[in-house]
Amino acid sequence: MSNIEKTLSIIKPDAVERNLTEDIKNFFIDNDLEILSSKKIHMSKEEASEFYKVHQAKPFYDDLCTYLSSGSIIVMVLEGENAVSANRKLMGATNPKDAEPNTIRKLYGISIDKNSVHGSDSVENAKKEINFFFKD
Ligand code: UDP
Ligand code: MG
């Protein structure tokens, strides 16, 4: 049975800086995820801290928020069959060193922090994250 979902994707500063936006967008399109909305923004550290607050107890939280607010990012709503898990599969493991071949993080990621993309990890979080950036 068909299960069309939406998920939130972010192209992080390391990838935007290296002009990988079009390559990453095409990777989604070529793998059956449609880009419903896309915008380039530059978050403040306060906004990044709000977005990543599920990680506030983690030792990497402050660096993560500093990093996400360090440059322009592209936030996108992706739609497709099982989009949440499909996107996570296309992204690859958090640490590019552990990512499967032909995943975004394997192809483009630099390190565990500069890993080129964010993707929602559940349907529930996808709804929250889409609403965070795209309030109608
Ligand atoms: N992160 C990090 N150090 C770590 C773990 C995570 O810098 O030891 C960063 C990394 O950029 C990751 C983000 O924090 O993408 C969120 O972590 P999460 O575990 O949610 O990984 P993801 O869902 O992005 O694969
Ligand atoms: Mg996550």
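Atoms within a ligand are numbered from 1 in the order they appear, just like the ligands themselves.
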Revision key, fill the gap. The closest protein heavy-atom partner of atom 14 (O) of ligand 1 is F60 CE1, 3.3 Å
Check your understanding: Are D62 and K45 ion-paired here, with the side-chain N under 4.0 Å from a carboxylate O?
Key -> yes
**Study point:** ligand 1 versus K114: contacting region, heavy-atom distance under 4.0 Å
**Key:** neither
Review point. With a 4.5 Å limit on heavy-atom distance, are the side chains of L33 and E5 in contact?
Key: no
Check your understanding: Apart from V84 itself, which Ile, Leu, Val, Met, Phe, Trp or Tyr residues share its cluster (side-chain heavy atoms under 4.5 Å, direct or through members)?
Key -> V123
Review point. Under 4.0 Å from ligand 1, counting heavy atoms only, is it the side chain of I112, its backbone, both or neither?
Key: both
Point to revise | Parallel, tilted or perpendicular, as decided by the 30° and 60° cut-offs, for the rings of H118 and Y52 | key: perpendicular
Check your understanding: Applying a strict 4.0 Å limit to heavy atoms, is L64 in contact with ligand 1?
Key -> yes
Study note, to complete from the structure: Residue, atom and distance of the protein heavy atom nearest atom 21 (O) of ligand 1 read T94 OG1, 3.3 Å
Point to revise | Cation-pi, Y108 ring and K12 (6.0 angstrom, 45 degrees) | key: no
Check your understanding: Is a side-chain N or O of D14 found less than 3.5 angstrom from the main chain of S116, in a donor-acceptor match?
Key -> yes
Practice item. Would you check whether K12 has a nitrogen or oxygen atom less than 3.5 angstrom from a nitrogen or oxygen atom of ligand 1? Key: yes
Exercise for review: Could you tell me which atoms of ligand 1, counted from 1 in the order shown, lie closer than 4.0 angstrom to a heavy atom of D113?
Suggested key: 7 (O), 11 (O)
Revision key, fill the gap. Checking heavy-atom distances from atom 23 (O) of ligand 1 to each of H55, R105, R88, the winner is R88
Practice item. Would you mind telling me if ligand 1 is within reach of the side chain of N115, the backbone, both or neither, using heavy atoms under 4.0 Å? Key: side chain
Check your understanding: Is there a side-chain contact between L90 and F28, using heavy atoms and a 4.5 Å cut-off?
Key -> yes
